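Reminder, nothing fancy here: chain letters follow the sequence lines and each chain counts from 1. Predicted model, so just to flag it, every value in this text is computed and none were measured.
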Amino acid sequence: MAQAKVKSNEVGSVTYISQDSKDDFKVIKLKENGQLYVEHNILADNLIARGLAEEVKKADFDLESKTIRKISDVKDN
Amino acid sequence: MKKVDLKNSLNQRGAKISADQELFLDSLTEEINSVLEERQSAIGEIVNSRLAEMELSDEIASQVRELSEKIAKNSTPEFRMSDTQKRALMSVLTERKAEIVEAIRTGRDLDLFEIRVAAPHQNNNGTVSLGVGVTYPTVENFDESSVFATIRTPENFIFELILNRQSSNIVKTRIKTEQAPKEGSVAVVSEANAKPLIQYKWVKNAIERKKYAGRIEWTEEFEMDNGALFTAIVKMIQRDVVSALNNGIYNDIITNATAYTSSPQTGKIVLPNLADVATVLQGLINSQNYNADVVAINPTQLVDLLLTKKADGEYLFPKSAISDLWAGMKIVTSSTVSVGYMLVFDSSIYTEEHTGVIVRVGQYNDQFIKNSYTLIAEQFSLLDVAKIDLVASYYGAIATISADIKKP
């Protein structure tokens, strides 16, 4: 059977989602249980937009760095 | 000696102090000054008594006195806090803020927490003490258990999940060569047409080893008088180094894990539960050509799931069917996993190399003349993983992922 393919002018590409920076995350309060969570901006914004959570701007958090790094980041010590 | 005056210092900086705060500042100032005075006088007394014994000339004695004053002024007790301790302290202060304010206002005592600092094992420093209300009998109508009851620690589960091996030497840095997206691709080519050029690209990443270590110190007398207990303590520090290694690897795995952002199931699942969240994460991993095979949760979470019932009291998930809920993934329950969080990953992306527990005994500083010893216990470890494989591990809050996939 012949394969049908949708024609599009848009060129598809792989989207890279950054998860390494503190700016990629935010603190939200989930309305269902009132607890605070540090979530990725995509999930946080999605939950806020759907009215399931609200952003908590005053809360601070730490983001631990991953154990594997680019060669340029490795210091000779 | 110059005295501390917190109130005056704050006033000079333009701070507005209420009556309640003034009371607190006065008592704090008094306490700080009394501690400083005690330390000053203790050091001063020791120096003066030694000077009297040694019959030094006035000039040298005066220089020694001056030096001792400088030491008293500059020396501070050693006190270090790890990030975890800092977070715990902040958490206690935040949770009990109302009580603290009330205690300052009324001036009553408040036991917030005890700050304990490790010390060498000695007979005379409280290493072994009698429990509250316990007195040592004077008659021979008792015996002592030869079993030492120890505080339970979470089971070391990580080595059951990932491939690991022991080695005598662990390199400091391991370079990983990882594939990056290639340029060009194979295509169907007609006669006499040029074949497409393809370039495979690579990136080099680096992983560094970690060292998990601790030490104990003891006096000759402690070892001599508490033989069995001392042997147990030596075993315990080795056990604790292995536990720290296990917990460290687990922490590295969750730190490396990908954060959940969204999934094809977003807004589509009716009344999602724990098993649904695990299945969604498994789907995300498997759709990237991996094979998620482990779910790690806190035991509390599994109990919640086991006890979920329908309105008529019938169990929603028969206990025998629990393993089927996770679509072939191994369920690991451990108190090491935070309550409310879940780790789902393909265990084949990780390998680990470690040394055995290295134990050495020696003496440093004046331990030789004090009949004291030090034992160090350490283990080196390198957790090997490629950065491109981190998409095969997800760690996240069950509540937020449930909220995301829940059908409105």
Side-chain angles (χ1 to χ4, degrees), chain A residues 2-3 5 11-77, chain B residues 83-84 86-87 90 94 172-178 181 203-210 248-249 251-263 266-267 339-341 349-350 381-391 393-406 408:
Chain A
Q3 285 187 57
K5 208 171 185 181
V11 178
S13 61
V14 176
T15 310
Y16 172 71
I17 300 171
S18 168
Q19 299 205 341
D20 294 334
S21 163
K22 195 173 171 181
D23 295 337
D24 298 326
F25 294 83
K26 62 176 66 159
V27 181
I28 56 166
K29 185 189 231 179
L30 200 61
K31 288 186 178 172
E32 191 177 298
N33 60 12
Q35 302 273 326
L36 299 187
Y37 297 95
V38 179
E39 291 296 349
H40 193 274
N41 286 336
I42 295 175
L43 175 61
D45 292 340
N46 191 358
L47 294 176
I48 292 165
R50 287 154 65 192
L52 299 171
E54 56 191 44
E55 187 175 355
V56 182
K57 288 189 174 168
K58 284 181 185 173
D60 195 13
F61 61 93
D62 292 326
L63 188 73
E64 291 183 35
S65 55
K66 296 188 189 312
T67 56
I68 185 160
R69 297 182 289 168
K70 289 177 190 166
I71 289 273
S72 55
D73 297 335
V74 179
K75 286 180 186 140
D76 185 19
N77 50 17
Chain B
D83 286 345
T84 314
K86 280 180 199 165
R87 276 197 284 273
M90 283 303 294
T94 311
K172 181 180 179 291
T173 306
R174 174 165 295 164
I175 308 297
K176 294 281 286 187
T177 306
E178 301 184 23
V203 62
K204 285 185 183 283
N205 288 328
I207 312 160
E208 287 180 88
R209 75 176 174 214
K210 288 189 174 180
I249 293 170
N251 279 328
D252 286 348
I253 290 174
I254 63 171
T255 305
N256 286 339
T258 307
Y260 175 88
T261 52
S262 66
S263 68
T266 294
V339 176
Y341 286 78
I349 65 169
Y350 280 101
S381 164
L382 192 142
L383 183 63
D384 188 327
V385 64
K387 204 164 187 173
I388 48 170
D389 288 337
L390 296 181
V391 292
S393 63
Y394 272 84
Y395 177 76
I398 295 161
T400 51
I401 301 171
S402 285
D404 181 64
I405 60 175
K406 188 175 181 180

*Please say whether more than 12 non-hydrogen atoms of neighbouring residues, nucleotides or ligands are located less than 6.0 Å from NZ in A/K29.*
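No.
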
*With a 4.5 angstrom heavy-atom cut-off, could you sort out which part of B/S402 is near chain A: side chain, backbone, both or neither?*
neither

*Examine whether an atom of B/K406 lies under 4.5 Å from a heavy atom of chain A, and if so say whether it belongs to the side chain, the backbone or both; otherwise answer neither.*
both

_Largest heavy-atom contact set with chain A, pairs under 4.5 Å, which of B/N251, B/L390, B/N256_ =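 The candidate making the most pairs under 4.5 Å is B/N256.
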
*asked:* Any side-chain to backbone donor/acceptor pair from A/E39 onto B/T400? Under 3.5 Å, distance only.
replied: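 No, the answer is negative, given that no donor and acceptor are paired below the 3.5 Å cut-off.
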
*asked:* Tell me which of these, A/N33, A/L63, A/I42, has more heavy-atom pairs under 4.5 Å with chain B than the rest.
replied: A/I42

_Shorter than 4.5 Å, heavy atoms on both sides: which option in A/L52, A/D45, A/L30 has the most such pairs with chain B?_
A/L30

*Taking all atoms of both residues into account, what is the closest heavy-atom pair of A/Q19 and B/A257, and its distance?*
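Residues A/Q19 and B/A257, closest heavy atoms: OE1-O, 4.4 Å.
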
*So which heavy atom on B/T266 is nearest to which on A/R50, and how close?*
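Scanning both residues completely, I find the closest heavy atoms to be CG2-NH1, 3.5 Å.
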
